[in-house]
Each structure stands twice: as C-alpha cells, then as structure tokens.
Amino acid sequence: MEVEGGGGGEEEEVMVTPGEVLGKSSKLIAGRGTYLSPHNQTIYASLSGRLSTVDSPHQRSTVEVTGLRSHASVPRPGSIVLARVLTKVMPKMASADIMCVDSKSVREKFSGTIRQQDVRATEIDKVDMHSSFRPGDIVKALVLSLGDARAYYLSTAKNELGVVSAESMAGASMVPISWTEMQCPVTGQIEQRKVAKVGR
C-alpha cells in the first residue's frame with residue numbers, strides 16, 4: 001500500500017510486511033523499519049509491523065514501521081531473515097546485509113553469506129550465482145550457522161525462500177513470473193532470479 005504525505009489525524013491501524021511499497025521519496029521520508037531504494041526512489045517496509053506517518057509542518061512526512069515486538073533481535077540458526085544483497089556476487093557466493101530477523105529489525109549490523117551449495121535443494125552443482133541474485137535484491141533466507149569472518153551462513157534452499165523484492169535494470173520493482181524468473185513491468189524484460197514462492 002502507498003502512503004500519502006501529510007495525512008495526519010486518526011487513521012485505522014495498517015499492518016505491512018517486508019518488501020511492501022510504502023510510497024515515493026518525493027512525498028515521504030524513510031524512517032525506522034523502512035528503506036529507500038535509490039534506483040526508483042521508492043520506500044519499502046523492511047519488517048512486518050504497524051505502519052505510521054509522522055507529520056512535519058516544514059517538510060515531507062516520515063513513514064515508519066513499528067515491529068510487533070520492539071526488542072532487538074540477533075540472528076540464530078533456524079531464524080528467518082531478510083537481507084539485502086551487496087555489490088559482491090561472486091561465482092561461489094553472495095554477500096548480504098541482514099536487515100531483520102524473524103520480522104524484527106536489527107539494531108546492529110549483521111553480515112550474511114549465501115554459498116552456492118545453499119541456494120537451492122536440487123542440482124546444486126549447476127547453480128549460477130549471477131542468475132540467482134543481483135546487488136540490491138532483498139532476500140528471505142534461513143540462518144544455518146555463524147560462519148567465517150563473523151558472517152552468518154544463509155540458505156535459500158526452500159520454495160518459500162529466495163528473492164522477495166528486486167529491481168530491474170530500468171529501476172522498476174519486478175514481478176515474479178516463475179520460481180526462476182522475474183519480469184520488469186515497464187520494459188517487459190525478464191531477468192533470472194532464485195525467486196521465493198509467496199503464499200496467496
């Protein structure tokens with residue numbers, strides 16, 4: 001759902017989920033529990049929680065998402081996390097910053113690594129990392145363990161895990177069309193991804 005700036009007043013409670021579009025940065029400022037995509041100037045929710053806007057008389061309203069449980073969370077084996085893929089996607093692994101753990105935002109920086117053998121459950125030796133993830137993708141993953149260099153090993157080897165939000169080369173939010181492909185709604189171009197199956 002998109003939020004209009006300068007709403008104010010009493011509004012009914014709205015719950016959002018990670019990756020949900022909240023609005024454009026021309027009208028809103030990204031606050032806690034949200035993130036701004038520099039490519040298309042769109043603000044997204046980074047955790048599940050309650051949506052709110054903080055009005056300002058002099059500038060755009062700030063949009064925030066308050067987690068259902070506000071205490072800080074630390075990744076543990078078995079945790080489900082949302083992570084943003086960094087600029088390094090290598091042949092054998094991809095690096096990511098963990099943004100939230102079990103739908104709760106993190107207060108400190110945690111790094112994650114998705115190894116080639118943890119991308120999917122089948123045909124592991126045929127996994128192409130560059131066809132699975134791209135820099136800037138938001139990925140839903142399972143924490144396997146604390147790996148080397150204080151980076152958590154993450155897995156997307158389940159149907160419900162993988163890319164949940166991605167931008168096309170044109171800067172648009174892509175739409176999943178299969179478990180290996182996402183399509184740009186602007187250009188129609190299809191890009192390869194390891195797509196998370198979203199329940200409807």
Please name the pair of heavy atoms, one in [X] and one in [Y], separated by the smallest distance, quoted to 0.1 Å.
| X | Y | value |
| --- | --- | --- |
| I29 | R60 | CD1-O, 3.6 Å |
| A157 | S155 | N-OG, 3.1 Å |
| I98 | S111 | CD1-O, 4.0 Å |
| V119 | S132 | CG1-OG, 3.8 Å |
| V195 | P176 | CG1-CB, 3.6 Å |

Exercise for the section: Give a yes-or-no answer on whether the side chains of T180 and K194 include a donor-acceptor pair shorter than 3.5 Å. Expected result: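 On atom types as modelled, these side chains do not qualify, holding no pair under 3.5 Å.
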
Whether [X] side chain and [Y] backbone form a donor-acceptor pair below 3.5 Å:
| X | Y | answer |
| --- | --- | --- |
| K24 | N40 | yes |
| E191 | M182 | no |
| R32 | T66 | no |
| T53 | V63 | no |
| S168 | A170 | yes |
| D102 | I80 | yes |
| S46 | G33 | yes |

Practice task
Name the orientation class of the two ring planes belonging to Y35 and Y44 (parallel below 30°, tilted from 30 to 60°, perpendicular beyond 60°).
Solution key: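 Rings of Y35 and Y44: parallel, as their planes differ by under 30°.
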
Handout entry: Sequence-distant partners of K92, salt bridge (charged side-chain N to carboxylate O under 4.0 Å, His left out), two or more places apart
Key =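 Checked K92 against salt bridge (charged side-chain N to carboxylate O under 4.0 Å, His left out); zero matches.
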
Problem - Flag side-chain contact, heavy atom, 4.5 Å: L144 against P77 - result: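 Answer no - side chains too far apart.
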
Problem - Any L22 side-chain heavy atom under 4.5 Å of V65 side chain - result: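 Side-chain contact under 4.5 Å: yes.
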
Under 4.5 Å between side-chain heavy atoms, counting indirect links through other Ile/Leu/Val/Met/Phe/Trp/Tyr residues: same cluster for [X] and [Y] or not?
| X | Y | answer |
| --- | --- | --- |
| V127 | V163 | yes |
| I190 | M169 | no |
| L154 | M129 | yes |

Practice task
Give the intermediate values and the outcome of salt bridge (charged side-chain N to carboxylate O under 4.0 Å, His left out) for residues D137 and R134.
Solution key: CA-CA 6 Å; D137 287 357; R134 300 274 178 88; over 6 Å; no

